[in-house]
Amino acid sequence: MSPHLEVVEMRPRISILGAGAAGLALALDLQNRGFQVLVYSHSDHLRHVNAIQKTGCLTATGAMQISAQLRFTTDMGAAIGFSSILILTVPSTGQETLLEELQNFALHRHTIIAIPGNLFSLVAKDLQVGCILETNLSPYSCRMHDSSLVVLGKKDQLFIAASHQNMPPIFYTTIESILPVTLKWCSSVIEVSLLNINGVFHPLMMIMNAGWIESTDGGFFIYRDGLTPAVANAMDAVDRVRMQVGEAFGLQLKSALEVSNECYKHTFSSLVDLAQNSGPHNQLKAPQNLGHRNLSEDVPDLLVTWMGLAEHLGIDASPIRAVVVLVSMSTGVDYLKVGRNLQKLRLEGVESEELVVRFSVTEKKERPVVSIETFPQRDTMIMSQL
Ligand SMILES: NC(=O)c1ccc[n+]([C@@H]2O[C@H](COP(=O)([O-])OP(=O)(O)OC[C@H]3O[C@@H](n4cnc5c(N)ncnc54)[C@H](O)[C@@H]3O)[C@@H](O)[C@H]2O)c1
Ligand SMILES: O=P(O)(O)OC[C@H](O)CO
């Protein structure tokens, strides 16, 4: 990851890697705002691309109402050549598949934005890339239905961190001009992982309603009907461990409810209030079975990580361990082994004190402030990653 100079257009082209609901919503949004967009899909995961290509265009309904043609490719080289900004929108369980392809290219001049990150930058440590950014969530709450995209809601803000500190101010401004939400810059990618509150919501809603999901093929609303007071109590226990891990890193993390309220500009008073009354949540149908990313992504790549960090730091992680073990017993997948444990994140041999120092809050990790007068008034500007 060496210093370099690069020319960045004021409206840079963007490559989106991952053609699911989250990537397609962002692609439509960017294209609608004047960016040129190319969407890459892995050739083994073309379900949505094929459906869209049959009808010729993608139509979004709900909180985003746009109908447009998108450009697609299955050629990673084409996506990398198209833009120096690659936005990764696959579930974190698909990141390694893409990493295998990305590793064939020198990406010193590229920036990868992983939405969500789930500590992609630690998994991708050997990748020759300019910078990796990680967000906690996706800007849009959305689902694909055949060739159409239903957008349930748009967040007001997301949390984000860069794998590299000391990026020039123009770097942050460019990223802020691309993502359609207010960005809250965090001190480290660990903080961002801890702010992916889907780890608190999804696994418990799924596993505590497993019988209902299986006997009705998901014929109910997962939040509205599935997040009841008992489920909320269990979520609170997991959430307390998440916040204690944050505390060990010097972070005063807000509760999952507060983070959700902040992201959506909501004011719900409890998790059950949110489940009953939040537009982006209360219309979400339950998945048809347990083979859904609510478990297959959020258990291995959030809960296993948080549990590993907690136990390494001497925090009682038994509420999280209980969920991971129960989900593993129910699905037959050994999530402790396949998940982003400390070994997968290359943190296994790191002493707890060193871990805290490496990822703790320091004064200079805030996003640098840039005044408008410092921007070059022309179509291109030099971005220097020092
Ligand atoms: N959709 C939402 O409302 C929402 C909200 C918050 C966070 N997120 C997060 O955003 C990410 C994407 O969400 P989504 O709804 O688009 O998910 P999705 O399940 O539709 O997957 C997105 C796309 O990723 C690709 N993909 C999946 N597995 C892959 C693999 N192993 N290799 C290569 N490509 C693969 C496929 O093209 C798939 O269509 C997930 O991490 C999700 O947790 C989504
Ligand atoms: O869009 P989010 O991040 O609020 O998540 C809502 C759903 O639970 C995502 O699957």
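Whatever order the structure lists ligands and atoms in, that order sets their numbers, starting from 1.
Cluster membership for Val192 and Leu137, using ILVMFWY side-chain heavy atoms within less than 4.5 angstrom, is not shared.
Closest heavy-atom approach to atom 34 (N) of ligand 1 within the set His45, Glu96, Arg293: this belongs to His45.
Residue contacts with ligand 1 for Thr97 involve side-chain atoms from C-beta outward but no N, CA, C or O (heavy atoms, distance under 4.0 Å). For Asp298, no heavy-atom contact with ligand 1 is shorter than 4.0 Å. Only side-chain heavy atoms of His42 come within less than 4.0 Å of ligand 1; its backbone N, CA, C and O stay farther off.
Taking only nitrogen or oxygen atoms, main chain and side chain alike, Arg143 reaches within less than 3.5 Å of ligand 1. Between Ala19 and ligand 1, a contact under 3.5 Å exists for at least one N or O pair. Geometrically, ligand 1 and Thr93 share no nitrogen or oxygen pair separated by less than 3.5 Å. Taking only nitrogen or oxygen atoms, main chain and side chain alike, Gly23 does not reach within less than 3.5 Å of ligand 1. For the pair Ala21 and ligand 1, the shortest N or O to N or O distance falls below 3.5 Å. Taking distance alone, with nitrogen or oxygen atoms compared against 3.5 Å, Ala22 approaches ligand 1 more closely than that limit.
Other residues, nucleotides and ligands contribute more than 12 heavy atoms inside 6.0 Å of the CD atom of Gln103.
Not close to ligand 1: Val49, with no non-hydrogen atom less than 4.0 angstrom away.
Of all the atoms in ligand 1, the ones that sit under 4.0 Å from a non-hydrogen atom of Gly20 are 16 (O), 20 (O), 22 (C), 23 (C), 39 (O). Every atom of ligand 1 is numbered from 1 in the order shown, and the set under 4.0 Å from a heavy atom of Asn198 is 6 (C), 7 (C). If you number the atoms of ligand 1 from 1 as listed, the ones under 4.0 Å from a heavy atom of Thr89 come out as 12 (C), 22 (C). For ligand 1 and Pro116, the ligand atoms under 4.0 Å from any heavy atom of the residue are 9 (C), 10 (O), 11 (C), 40 (C), 41 (O). Contact atoms of ligand 1 toward His48: 39 (O) (distance under 4.0 Å to a heavy atom of the residue). Atoms of ligand 1 lying under 4.0 Å from at least one heavy atom of Val90, given by number and element, are 24 (O), 25 (C), 26 (N), 34 (N), 35 (C), 41 (O).
The closest side-chain heavy-atom distance from Asp239 to Arg242 is below 4.5 Å. In this structure, Gln31 and Leu70 have side chains that are in contact, with non-hydrogen atoms separated by less than 4.5 Å. Looking only at side-chain heavy atoms (C-beta outward), Gln36 and Arg71 come within less than 4.5 Å of each other.
Taking the six-membered ring for Trp and thresholds of 30 and 60 degrees, Tyr264 and His266 have nearly parallel ring planes, at less than 30 degrees apart. A tilted orientation is assigned to the rings of Tyr223 and Phe201, their planes being inclined by 30° to 60°.
Members clustered with Leu38: Phe82, by chain and number, using a 4.5 Å side-chain heavy-atom cutoff among hydrophobic residues.
Applying the salt bridge (Lys or Arg N to Asp or Glu O under 4.0 Å) rule to pairs touching residues 309-321 yields Glu311-Arg321, sequence neighbours excluded.
You'll find the ring centres of Phe221 and His281 outside the 6.0 Å limit.
There is no side-chain donor-acceptor pair under 3.5 Å between Tyr40 and Asp75.
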